[in-house]
Amino acid sequence: QVQLVQSGGGLVQAGGSLRLSCAASGRAMSTYAMGWFRQAPGKEREFAAAISWSGGKTTYADSVKGRFTISRDNAKNTLYLQMNSLKPEDTAVYYCAAARNPYYDNTEYGYWGQGTQVTVSS
């Protein structure tokens, strides 16, 4: 079992930055990949970024590539999402998730954080 508790988020102007955090407990964090997803009003949840168990591999959605950075600190049991150059279209509820495997390729995400609102004003 994995429990995920998110923090961060809020309201920021376009072009600004925010950092999201996701604290994990339960199973050792070094045994699973993790990801960030987001859901905008009226839209389906979409993938934003993922990171392998060690942090050695990352992948991003085209919409956030070059602006967002996913990272993890297994010693602190924490996942991060640094969001720079934010745009109004980045407005969404952001969710962290823990995968069932050490790598994010073709994996299921079985555990989810509670979600945190990110609002970017124009």
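Owing to the predicted nature of the structure, the values given are computational and were not obtained by experimental measurement.
Under a 3.5 Å cut-off, the side chain of N101 and the backbone N or O of Y103 do not form any donor-acceptor pair. Counting only distance, with no hydrogens or angles, the side chain of T116 and the backbone of S7 share no donor-acceptor pair below 3.5 Å. Looking only at distances, no side-chain donor or acceptor of Q117 sits under 3.5 Å from a matching main-chain atom of G9. Counting only distance, with no hydrogens or angles, the side chain of R100 and the backbone of E108 share no donor-acceptor pair below 3.5 Å.
Residues F47 and L79 are members of separate hydrophobic clusters, defined by side-chain heavy-atom contacts under 4.5 angstrom among Ile, Leu, Val, Met, Phe, Trp and Tyr. Both F68 and L18 are part of a single hydrophobic cluster, where members link through side-chain heavy atoms under 4.5 Å apart.
Note that the OG1 atom of T69 and the OH atom of Y80 stand 14.0 Å from one another [nearest 0.5 Å]. Rounding to the nearest 0.5 Å places CZ of R72 at 4.5 Å from CE of M29.
Residues F37 and Y109 bring their aromatic ring centres within 6.0 Å.
Minimum interatomic distance between S17 and Q82 (heavy atoms only, all atoms of both residues): CB-NE2, 3.9 Å. The two residues V120 and T91 make their nearest non-hydrogen contact at N-OG1, 2.9 Å. For the pair P88 and S122, the tightest heavy-atom approach, listed with the atom from each and the gap, is CG-CB, 3.8 Å. Minimum heavy-atom separation, Y94 to L81: CD2-CD2, 4.2 Å. Here the closest heavy-atom approach between residue V2 and residue Y111 is recorded as O-CD2, 3.4 Å. S30 and W53 make their closest contact through O-CE3, 3.1 Å (heavy atoms, listed as atom of the first residue, atom of the second, distance).
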**OP:** Determine, step by step, whether D90 and R38 satisfy the side chain to side chain contact (heavy atoms under 4.5 Å, CB included) criterion, reporting the C-alpha distance in whole Å, the side-chain angles of both residues, the deciding distance to 0.1 Å, and the verdict.
**Re:** CA-CA 9 Å; D90 293 319; R38 65 186 185 180; 2.9 Å; yes
Subject >> side chain to side chain contact (heavy atoms under 4.5 Å, CB included) between M83 and V64, intermediate numbers included >> reply: CA-CA 9 Å; M83 304 183 292; V64 307; over 6 Å; no
Original post:
So L20 and V118, side chain to side chain contact (heavy atoms under 4.5 Å, CB included) or not? Walk me through it.
Top reply: CA-CA 9 Å; L20 305 182; V118 171; 4.0 Å; yes
**OP:** Please test T107 against Y32 for side chain to side chain contact (heavy atoms under 4.5 Å, CB included), starting from the C-alpha separation and ending with a verdict.
**Re:** CA-CA 10 Å; T107 188; Y32 50 86; over 6 Å; no
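Screening residues 65-122 for disulfide (SG to SG under 2.5 Å) gives C22-C96 as the qualifying pairs, with residues at least two apart or on separate chains.
Side-chain contact annotation: Y95 with W36, donor-acceptor N/O pair under 3.5 Å absent.
Contact of the R67 side chain with the Y60 side chain is not registered, since no non-hydrogen atoms from C-beta on lie closer than 4.5 Å. Two residues are said to be in side-chain contact when any heavy atoms from C-beta on lie closer than 4.5 Å; E46 and E44 fail this criterion.
Under the 4.0 Å criterion applied to side-chain N and carboxylate O atoms, D62 and K65 are assigned as salt-bridge partners.
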